Amino acid sequence: MRTAAASSAELPPISIALTMAGVTRPLSDCFNEAIAALAAENPDSTAAAARTGVRVGASGEWFVLATGADGSVVSYTPVGAATPTECDARLSYRDERAFVAMMDDALSSTAAVATGQLRVSGSLKVASAFEEVYVAAEAWLRNKYGQRSGQKYAVALSVEQAEAVARA
């Protein structure tokens with residue numbers, strides 16, 4: 001789905017990396033935190049070129065992310081349960097498991113759409129370009145939790161970590 005900076009042989013999937021770092025929050029919450037932080041880093045960015053609504057789970061809250069012409073996140077706004085109408089594209093993940101599978105590259109966006117795990121409406125061009133936001137958010141999370149590009153990781157997980165990964 002995404003093109004990460006480092007090969008998958010160098011870094012574990014993001015859900016495992018966060019579990020190994022002791023993070024217990026849902027992965028979608030972690031990505032929301034990262035995207036909000038990325039937006040805060042661009043206070044002087046140009047006007048938004050595209051707006052994308054995103055939610056995880058049928059009853060999840062929507063968030064609208066605006067990106068500039070260069071793909072940088074310029075704003076992040078929680079909008080609640082009502083489907084946002086001011087968006088160029090909307091991405092709705094069926095549930096947390098579908099989101100995790102896609103962020104871990106275990107499920108492609110094509111397969112997710114075909115199996116109903118991801119619903120996309122509006123501009124497919126904007127929705128496809130939004131993948132770069134996820135790449136930047138993943139890099140932000142890896143940096144925050146100490147897993148930088150090129151850093152090797154231990155293949156063996158503790159029993160507690162393996163159980164946490166299995167529950168996720």
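We're numbering straight along the sequence, starting at 1. The structure presented is a predicted model; accordingly, all values stated were derived computationally and were not measured.
- At least one donor-acceptor pair closer than 3.5 Å links the side chain of R55 to the backbone N or O of A58.
- Criterion: ILVMFWY side-chain heavy atoms under 4.5 Å apart, direct or through other members. Under it, L118 and V56 are part of a common hydrophobic cluster.
- One finds the OG atom of S15 at 11.0 Å from the CE atom of M20 (value rounded to the nearest 0.5 Å).
- Closest approach of T115 to Q117, counting heavy atoms only: OG1-NE2, 3.0 Å.
- Closest of all the heavy-atom pairs between V23 and C30 is CG1-SG, 3.6 Å.
- Side-chain N or O atoms of D88 include one that pairs as donor or acceptor with a backbone N or O of R51 at under 3.5 Å.
- Taking both residues in full, the closest heavy atoms of E131 and S109 are given as OE2-OG, 3.7 Å, listed atom of the first, atom of the second, then distance.
- You'll find the side chain of Y76 reaches within 4.5 Å of the side chain of N32, heavy atoms only.
- With contacts defined as side-chain heavy-atom distances shorter than 4.5 Å, the pair M102/Y134 does not qualify.
- The two residues L107 and A111 come nearest to each other via the heavy atoms CD1-CB, 3.7 Å.
- The shortest side-chain heavy-atom distance between V64 and C87 falls under the 4.5 Å cut-off.
- No single ILVMFWY cluster, assembled from side-chain heavy atoms under 4.5 Å apart, contains both V126 and V120.
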Residues L65, I35; criterion side chain to side chain contact (heavy atoms under 4.5 Å, CB included); working and verdict
CA-CA 8 Å; L65 299 104; I35 293 169; 2.5 Å; yes

Residue pair L18, L27: steps toward the side chain to side chain contact (heavy atoms under 4.5 Å, CB included) verdict
CA-CA 8 Å; L18 293 179; L27 187 63; 3.4 Å; yes

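- Counting heavy atoms from C-beta outward, F99 and P26 have side chains that stay 4.5 Å or more apart.
- Of all the heavy atoms in A137 and A34, the pair that sits closest is O-CB, 3.7 Å.
- Two residues are said to be in side-chain contact when any heavy atoms from C-beta on lie closer than 4.5 Å; P12 and R142 meet this criterion.
- No side-chain donor-acceptor contact under 3.5 Å links E132 to the backbone of G71.
- For the pair D104 (side chain) and I14 (backbone), a donor-acceptor distance under 3.5 Å is present.
- Here the side chains of V79 and F63 are not in contact, with every heavy-atom distance at 4.5 Å or above.
- The two residues A66 and A48 come nearest to each other via the heavy atoms CB-CB, 3.5 Å.
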Starting from the C-alpha separation in whole Å, work towards a yes-or-no answer on side chain to side chain contact (heavy atoms under 4.5 Å, CB included) for Y93 and R119.
CA-CA 7 Å; Y93 297 88; R119 290 190 178 190; over 6 Å; no

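- The shortest side-chain heavy-atom distance between E33 and K144 falls under the 4.5 Å cut-off.
- Contact annotation: the side chain of S28 never approaches that of M103 to less than 4.5 Å [non-hydrogen atoms, C-beta and beyond].
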Evaluate the criterion side chain to side chain contact (heavy atoms under 4.5 Å, CB included) for residue pair R90 and T83; output intermediate values, then yes/no.
CA-CA 9 Å; R90 285 183 294 285; T83 303; 3.6 Å; yes

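- Rounding to the nearest 0.5 Å places CG of L11 at 11.5 Å from CD1 of I16.
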